Amino acid sequence: MNSLLRRCILTLAALAALGVRLAVAAPAAPLKLPEFESLAAKASESVNVSLDSSLLGLAAGFLDPKDPQDAGAKQLIAGLKGIYVRNYTFDRDITYPAAEVEALRRQLAAPGWQSLVKVRKEKDHTNVDIYISVDQGKANGLAIIVSEPREFTVVNIVGAIDLEKLRRLEGKFGVPKIPLSDDDHPGGAPAPAHP
């Protein structure tokens, strides 16, 4: 996972810590993720995770209640209705299927979804988009789209989301792990961007 995505997620956590509240009604339904068949055919590695509420409950049973990190993740997923992840890694730079990616972005342009973070790094050809769905001041959906020349990732988390606790899902249920050192986020704030 690149440092750009890590900084975007840290920014998201900082916004949550500051108590940022968005007041827009939005559905708590999962996105209709395209099949991305052309990506899967070109990928050297692909991950497809689709956990609805019943599968999340089953998966939570495998978490160790004595492990504080697992216990925190179990508490967080109690309010979730689904976790959906699509990740494709490639051995060479590829061109993404514009129609499928735009179909996904059109869903996120619907009322209720708000663009929270949008990063474009032309030099690295990296794009990061983070969207949030809010209903009555509470987050009920999160979507992350990351495209890099050799990796493409979509994460959709559906249900009651406590943004401060969201980090507890890292490395579980297909949610990417974001390696951080203590000096990356002193006091829980995102590390400043380096020139």
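Quick note: numbers below take in every heavy atom, side chains included, and nothing from hydrogens, waters or symmetry partners. Bear in mind that the values here come from a model prediction, so they are computed numbers and not experimental data.
The side-chain heavy atoms of Leu31 and Leu104, taken from C-beta on, include a pair separated by under 4.5 Å. Residues Val85 and Asn156 are not in side-chain contact: their nearest non-hydrogen atoms beyond the backbone lie 4.5 Å or more apart. Between Ile83 and Leu56, the closest side-chain pair of non-hydrogen atoms falls below 4.5 Å.
Between Asn127 and Arg120 the shortest heavy-atom distance is OD1-CD, 2.7 Å. Contact between Leu108 and Ala143 at its shortest, heavy atoms only, is CD2-CB, 3.7 Å. Here the shortest heavy-atom pairing between Val49 and Arg86 reads O-NH1, 3.0 Å.
Annotation: side-chain hydrogen bond (donor to acceptor under 3.5 Å, both in side chains) contacts of Thr95 (sequence neighbours excluded): none. Evaluation of the side-chain hydrogen bond (donor to acceptor under 3.5 Å, both in side chains) rule for Asp124 yields Lys121 as partners, not counting sequence neighbours. In this view, Asp64 satisfies the salt bridge (charged side-chain N to carboxylate O under 4.0 Å, His left out) rule with no residue, not counting sequence neighbours. Qualifying side-chain contact (heavy atoms from CB on, under 4.5 Å) partners for Thr89, counting only residues two or more places apart in sequence or in other chains: Ser44, Glu45, Asn87, Glu151. With sequence neighbours excluded, the residues that form a salt bridge (charged side-chain N to carboxylate O under 4.0 Å, His left out) with Asp93 are Arg150. For Arg106, the side-chain contact (heavy atoms from CB on, under 4.5 Å) partners two or more places apart in sequence, or in a different chain, are Glu102, Ala103.
A salt bridge is absent between Lys74 and Asp67; no separation between the charged side-chain nitrogens and carboxylate oxygens falls under 4.0 Å.
Partner Tyr84 forms a side-chain contact (heavy atoms from CB on, under 4.5 Å) with one of Val158, Ile157, Val155, Val154 and no other, that one being Val158.
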In sequence, state the C-alpha distance, the side-chain angles, and the governing distance for Thr153 and Ile145, and then conclude on side chain to side chain contact (heavy atoms under 4.5 Å, CB included). CA-CA 6 Å; Thr153 304; Ile145 304 171; over 6 Å; no
Worked check of side chain to side chain contact (heavy atoms under 4.5 Å, CB included) between Ser38 and Glu100: CA-CA 10 Å; Ser38 64; Glu100 291 176 324; 3.9 Å; yes
Evaluate the side chain to side chain contact (heavy atoms under 4.5 Å, CB included) criterion for residues Lys81 and Ser54: first the C-alpha distance (whole Å), next the side-chain angles of each, then the deciding distance (0.1 Å), finally the verdict. CA-CA 8 Å; Lys81 296 179 180 176; Ser54 61; over 6 Å; no
Test side chain to side chain contact (heavy atoms under 4.5 Å, CB included) applied to Leu142 and Trp113, step by step: CA-CA 9 Å; Leu142 184 72; Trp113 284 100; 5.7 Å; no
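In this structure, the separation between CZ on Arg105 and OG on Ser115 is 9.5 Å, given to the nearest 0.5 Å. Considering OG of Ser147 and CG of Leu39, their distance stands at 10.5 Å, rounded to 0.5 Å. The structure places CG of Leu58 at 11.5 Å from OG of Ser53, a figure rounded to the nearest 0.5 Å.
Without hydrogens or angle criteria, Asn140 side chain to Gly159 main chain gives no donor-acceptor distance under 3.5 Å.
Applying the ring pair (Phe, Tyr, Trp, His ring centres under 6.0 Å) test to pairs two or more places apart or on separate chains, those with a residue in residues 127-159 are Phe36-Phe152, Tyr96-Phe152. Listed by first and then second residue, the salt bridge (charged side-chain N to carboxylate O under 4.0 Å, His left out) pairs that reach into residues 30-44 come to none, sequence neighbours excluded.
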